[in-house]
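See structure below.
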Amino acid sequence: MKTLTVDLRSDTVTLPTQGMRDAMMNAPLGDDVWGDDPTVNALQENCAAMFGKEAALFVPSGTMANQIAIRCHTQPGDEIIVHKESHIVHYEGGGAAALSGCSFAMVDGERGFFTSDDVVASIRPDDAHFGNSALVSLENTHNRGGGSVWPLEQLQSVCTTAHAEGLRTHLDGARVWHAIIASNHNAKTITAQFDTVSACFSKGLGCPAGSVLMGTKDVIRRAHRIRKMFGGTMRQTGILAGAAAFAIDHQLERLVEDHLHAKALATGINQISGLSCDVENTETNLVFIDIDRSLGDGATLCRKLWKNGILAEALDPQRVRFVTHLGVTDADIERAIQVTADTCHEMD
Ligand SMILES: Cc1ncc(COP(=O)(O)O)c(C=O)c1O
C-alpha cells in the first residue's frame, strides 16, 4: 500500500490551486521590461496601496527583494544591524557581502526580536576604523525565531530609534502576511515605519514564485535599476503576478487555518516524550521542535519520519521544523502527530 505523504518541510511546497491556475492563464500580459504588463502594474499598485507605500516592484524571489533593498540603502563598507538568526544572515548565500559589500552587526534576543537599546549599542562610532552603520533589518514573522510576530510597540520603537540615529530600516516580510493575520493589525500599521518592505507570494499564499519590494518612489526607482543589474527583470511576468493577485484576494484570510493547524501540531508533539515545543509561542505556521539527545539528532528523526511519510526538516542538530500550509488538512495534522509519536517510541 502506498504511504500517503504529509509534506511539512516548508510553506513553499504548495502547488497552485485550480483557481490560481485559471487566474494565471487569464491574466492580461505584456512585456514588463517595457512597463507594458497590465497585471504586473496592477499588482504593484495594489501592493503599494495595501502597505501604504508610494511604489512597489515585483521581483522573482524574497532573497532578491531583500538583496535589492540592501543595495538601495547601503554603500560598500556599510554595516547592517540585524538579528543573528535572520534569513539575510543565514540563508542568502552571503549576498549582502557579495552584492553590496556590507558586513553585519549581529544582535541577539528571544524569538528573533531585539530592542532599540540593542540598536543604539550596535551603532559604530564615527571613526575611520569602523564599518559605517547604515541599515537596520527586521524579519516579521521571524522564521528561525519560531514564526514569531514582533510586538508592535517594540517594532515601532526599534524603527523610531534607527531613524533618530540616521539609519534606514528594512523589513524582511517574507511572511508578513502571517503577521497581519495573527496580530489582526493591518498591513499599513505593521509596516508604516519601514523605508522598504519585502513580501513573498510563494510562502503561505501558495504562489509558484514572486515577491514584492515596496518603498518610496525614489527608492523603488533605484530598485528597478538594481533588479536589472541583478538579472531579475522578466518579460510576460503577468503570469506570475496574476497568481499573486489571486492569492491576495482568495488565499490570505485562510492563513488562520494554517495557524490553528500549527497550534494543534505543537500541542500534540509537545506531549511526546523526548520532544518539546513552545506551544504558547507557536503563533503562526512554523512549529519548532526541540529533540532530547536520548532520541538522537534531528536529521535521524527526519530520516525516520520521511520513511513513514512525514516530511520535515532539521534546521539545527537538535531542532526540527514542521510548517503548515494550504496543502495540509486536519487529518494530516493528526497523522503527523501519530506518526511522530510512533517513530519516537521506536527510537526510545
Ligand atoms: C524570512 C525569509 N526571508 C526571505 C526568504 C527568501 O525567499 P526566497 O526563497 O523566495 O528567496 C525566506 C525563504 O524562506 C524567508 O523565510
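For ligands, and for the atoms within them, numbers begin at 1 and follow the listed sequence.
Near A174, meaning under 4.0 Å from any of its heavy atoms, are these atoms of ligand 1: 1 (C), 2 (C), 3 (N), 4 (C), 15 (C). Those atoms of ligand 1 with a heavy atom of R175 less than 4.0 angstrom away are 14 (O), 15 (C), 16 (O). Counting atoms of ligand 1 from 1 in the listed order, those under 4.0 Å from a heavy atom of S61 are 10 (O), 11 (O). Interface atoms of ligand 1 facing E92, defined by a heavy-atom separation under 4.0 Å, are 4 (C). Contact atoms of ligand 1 toward N143: 16 (O) (distance under 4.0 Å to a heavy atom of the residue).
The residue T12 has no part lying near ligand 1, judged by heavy-atom distances below 4.0 Å.
No side-chain donor from either of S100 and Q67 sits under 3.5 Å from a side-chain acceptor of the other.
Residue contacts with ligand 1: M64 is excluded, as none of its non-hydrogen atoms falls under 4.0 Å.
Scanning the protein heavy atoms around atom 11 (O) of ligand 1, the nearest turns out to be T63 OG1, 2.6 Å. Nearest non-hydrogen protein atom to atom 1 (C) of ligand 1 is E139 OE2, 3.3 Å. Remark: minimum distance from atom 3 (N) of ligand 1 to any protein heavy atom is reached at D172 OD2, 2.7 Å. Scanning the protein heavy atoms around atom 7 (O) of ligand 1, the nearest turns out to be K203 NZ, 3.0 Å. Protein heavy atom nearest atom 4 (C) of ligand 1, with residue, atom name and distance: H87 ND1, 3.4 Å.
Atom CD of Q75 has 12 or fewer neighbouring heavy atoms from other residues, nucleotides or ligands inside a 6.0 Å radius.
Shown are R111, R319, R144; of these, the salt bridge (Lys or Arg N to Asp or Glu O under 4.0 Å) with E85 is made only by R144.
Salt bridge present: R227 and D32 bring a charged side-chain N and a carboxylate O closer than 4.0 Å.
With R71 contributing its side chain and L99 its backbone, the two residues share a donor-acceptor pair below 3.5 Å. With hydrogens and angles disregarded, a donor-acceptor distance shorter than 3.5 Å links the side chain of S61 to the backbone of M64. Of the possible polar contacts, none joining the E139 side chain to the S86 backbone as a donor-acceptor pair under 3.5 Å is found. At distances below 3.5 Å, at least one donor-acceptor pair connects side-chain atoms of Q44 with backbone N or O atoms of F58.
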